[in-house]
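Before any comments, here is the structure.
All values below were derived from every heavy atom in this structure, side-chain atoms included, with hydrogens, water molecules and symmetry-related copies excluded. Positions are given from 1 along the sequence.
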Amino acid sequence: MYDDYFDWAATSPMCSESIEAYANAATTFFGNPSSVHSEGQKARQMLDLQRSKCASLLGCRSSELYFTSGGTESDSIILNSALLSVSPGSIIISKGEHSAIKQYERSLKQLGWTVAFLPCPKGYAGAEDLASLLRPDTRFVFIMLVNNILGTIEDIDSMVKVCREYEKTTGRRIHIHVDAVQACGKIPISLDELGIDSAAFSAHKFCGPRGVGMLFLRNPSIKPLSPGGGQEKGLRPGTENLPGICAMAAALELECRSLEKNLGLARKIREKAEKMLSSGGFELLSPAVDSGKAFSPYIINVSTRTVPSEVFSRVMSDRGFCISSGSACNNNSRKKTEGLSELGFSASQAGTSIRVSFGCSTTIQQ
């Protein structure tokens with residue numbers, strides 16, 4: 001069914017377990033979780049159960065997990081809390097961040113924030129560079145765990161250590177937010193061990209439905225994105241999407257249970273793809289398998305060298321293959337090549353780049 005689909009980083013097909021969980025919740029737990037009657041309380045119990053399940057799989061407490069509409073909203077809750085602050089400070093944003101975060105630069109500056117961009121050459125930020133950007137008024141640091149264009153994995157541990165050491169000199173807590181959308185269900189994650197303050201997740205990246213996601217949050221001072229009925233402890237008001245949440249939890253459980261097996265297969269596929277593409281004349285932009293660097297095997301980015309990205313992806317689409325010319329979120333933007341250029345690649349490389357991404361059901365034969 002998905003033989004020619006190689007754009008899993010944009011979105012993944014829902015797994016059968018997720019679809020079944022959605023249908024069951026939609027028909028069985030139709031009550032509003034905020035209602036006091038029996039159907040509402042049945043729905044509330046199911047909502048609490050799914051929160052506990054997701055928290056256990058991600059290595060955090062259920063009280064630290066909030067259900068949202070996806071990664072973008074989860075990022076926005078943190079960023080809008082900064083916008084609402086009466087005392088702006090400085091914010092550090094990795095150049096490898098998703099547009100959901102980087103596009104807040106203008107609004108932040110208009111409201112008095114100082115925005116510094118952390119260099120991310122070839123997809124990797126450095127702890128020393130981060131240390132050089134920290135200031136006494138630094139309030140937030142945004143670092144993506146797995147880069148959505150290259151598949152590079154950031155050393156979050158070293159970033160956290162740098163921030164926590166700096167905090168000792170100022171007495172001010174620095175909120176560290178991680179976009180973990182491309183990491184969830186693909187690489188091992190323990191939020192307790194990472195030591196971060198918040199993280200964003202999106203179900204449709206790990207075989208769950210679109211329009212539902214999670215925000216991990218430890219900082220109680222974060223303000224809600226909008227006022228409402230008090231759901232999700234007031235941080236994310238609005239009636240919870242219980243069928244979507246159940247479907248997301250089912251997908252997350254399946255992906256986490258099969259994580260090591262899927263990761264092993266993905267590494268074999270990535271190695272095979274790298275050899276085939278390199279021998280076929282493409283230039284590898286993602287880190288090589290033998291580079292010794294940390295990367296997700298589910299994403300490989302190459303340059304066609306001569307053919308523009310959009311032209312190549314459309315030709316491949318005409319032949320039945322689904323690949324990407326960059327982040328799907330930028331396909332309606334004039335800034336398609338900006339991401340790679342900011343990561344140190346030439347305009348030519350950025351303009352001819354192709355992202356091929358895999359999923360749990362991709363095979364070497366495909």
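No side-chain donor from either of Ser286 and Arg355 sits under 3.5 Å from a side-chain acceptor of the other. Neither side chain, Ser35 nor Asn32, offers a donor N or O lying under 3.5 Å from an acceptor on the other. Side chain to side chain, Ser74 and Thr68 meet the donor-acceptor criterion of an N or O pair below 3.5 Å. A donor and an acceptor atom, one from each side chain of Asp75 and His98, are nowhere located under 3.5 Å apart. A donor atom on one side chain and an acceptor atom on the other are not found under 3.5 Å apart for Lys293 and Tyr124. One side chain, Thr28 or Asn24, offers a donor N or O that lies under 3.5 Å from an acceptor on the other. Side-chain atoms of Ser190 and Asp192 include no donor-acceptor pair closer than 3.5 Å. A donor-acceptor contact closer than 3.5 angstrom is absent between the side chains of Glu274 and Ser278. Under the 3.5 Å distance criterion, with hydrogens and angles disregarded, a donor-acceptor pair is assigned to the side chains of Thr352 and Ser303. At a cut-off of 3.5 Å, with distance as the only test, a side-chain donor of Ser198 or His175 sits close to an acceptor on the other residue.
Around NZ of Lys223, the count of heavy atoms belonging to other residues, nucleotides or ligands within 6.0 Å exceeds 12. The environment of Gln110 atom CD is dense: over 12 non-hydrogen atoms of other residues, nucleotides or ligands sit within 6.0 angstrom. Enclosure of atom CZ in Arg210 is not indicated, since only 12 or fewer non-hydrogen atoms of other residues, nucleotides or ligands lie within 6.0 angstrom. For Gln41, the CD atom sits in a packed shell: over 12 heavy atoms of surrounding residues, nucleotides or ligands are nearer than 6.0 Å.
Listed for the Glu167 side chain is a donor-acceptor partner under 3.5 Å among the backbone atoms of Ile174. Thr152 places a side-chain N or O within donor-acceptor distance of the main-chain N or O of Gly123, the cut-off being under 3.5 Å. In terms of modelled atom types and a separation under 3.5 Å, the side chain of Ser279 and the main chain of Met276 share a donor-acceptor contact. Using a distance-only test at 3.5 Å, with no hydrogens or angles considered, a donor-acceptor pair links the side chain of Ser309 to the main chain of Ser353. The backbone N or O of Val289 sits nowhere less than 3.5 Å from a side-chain atom of Glu271 that would complete a donor-acceptor pair. Between the Ser18 side chain and the Cys15 main chain, no donor and acceptor come within less than 3.5 Å of each other.
The line from CG of Asp179 to CG of Leu145 is 8.5 Å long, rounded to the nearest 0.5 Å. We find the CD1-OG distance between Ile300 and Ser357 to be 11.0 Å, quoted to the nearest 0.5 Å. Residue Arg305 holds its CZ atom at 9.5 Å from CZ of Phe282, rounded to the nearest 0.5 Å. Residue Ser348 holds its OG atom at 11.5 Å from CG of Leu340, rounded to the nearest 0.5 Å.
Taking the charged nitrogens against the carboxylate oxygens, Glu165 and Lys161 have no contact shorter than 4.0 Å, which rules out a salt bridge. Using a cut-off of 4.0 Å between Lys/Arg side-chain N and Asp/Glu carboxylate O, Arg173 and Asp197 are scored as salt-bridged.
Using a 4.5 Å heavy-atom threshold, the side chains of Leu49 and Lys53 count as separate. Residues Thr362 and Leu265 are not in side-chain contact: their nearest non-hydrogen atoms beyond the backbone lie 4.5 Å or more apart. By the 4.5 Å heavy-atom criterion applied to side chains, Ile364 and Lys268 are counted as neighbours. Inter-residue side-chain proximity for Arg236 and Ser226 is flagged as unmet; no heavy-atom pair is nearer than 4.5 Å. For the pair Phe117 and Glu97, the minimum side-chain heavy-atom distance is 4.5 Å or more. Taking 4.5 Å as the limit, some side-chain heavy atom of Asn147 sits within range of a side-chain heavy atom of Leu343. You'll find the side chain of Phe358 stays beyond 4.5 Å of the side chain of Asp7, heavy atoms only. For the pair Phe6/Gln366, a side-chain contact is recorded, criterion being any heavy-atom separation below 4.5 Å from C-beta on.
The cationic atom of Arg270 (NZ for Lys, CZ for Arg) lies less than 6.0 Å from the six-membered ring centre of Phe295 and within 45° of the ring axis. Geometrically, Lys186 does not engage Phe206 in a cation-pi contact defined by less than 6.0 Å to the ring centre and at most 45° from the axis.
The side chain to side chain donor-acceptor pair (under 3.5 Å) search around Tyr104 returns Ser76, Asn80, not counting sequence neighbours.
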Extract all donor-acceptor atom pairs below 3.5 Å that involve side chains of residues 239-253 and protein atoms in other chains or at least two apart in sequence.
{"from": "Asn241", "atom 1": "OD1", "to": "Gly244", "atom 2": "N", "distance (Å)": "3.1"}

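Across Ser81 and Ser221, no two heavy atoms sit closer than the pair OG-O, 4.2 Å. Annotation for Thr11 and Lys205: closest pair N-NZ, 4.5 Å, computed over non-hydrogen atoms.
Aromatic ring centroids of Phe312 and Phe321 lie 6.0 Å or more apart.
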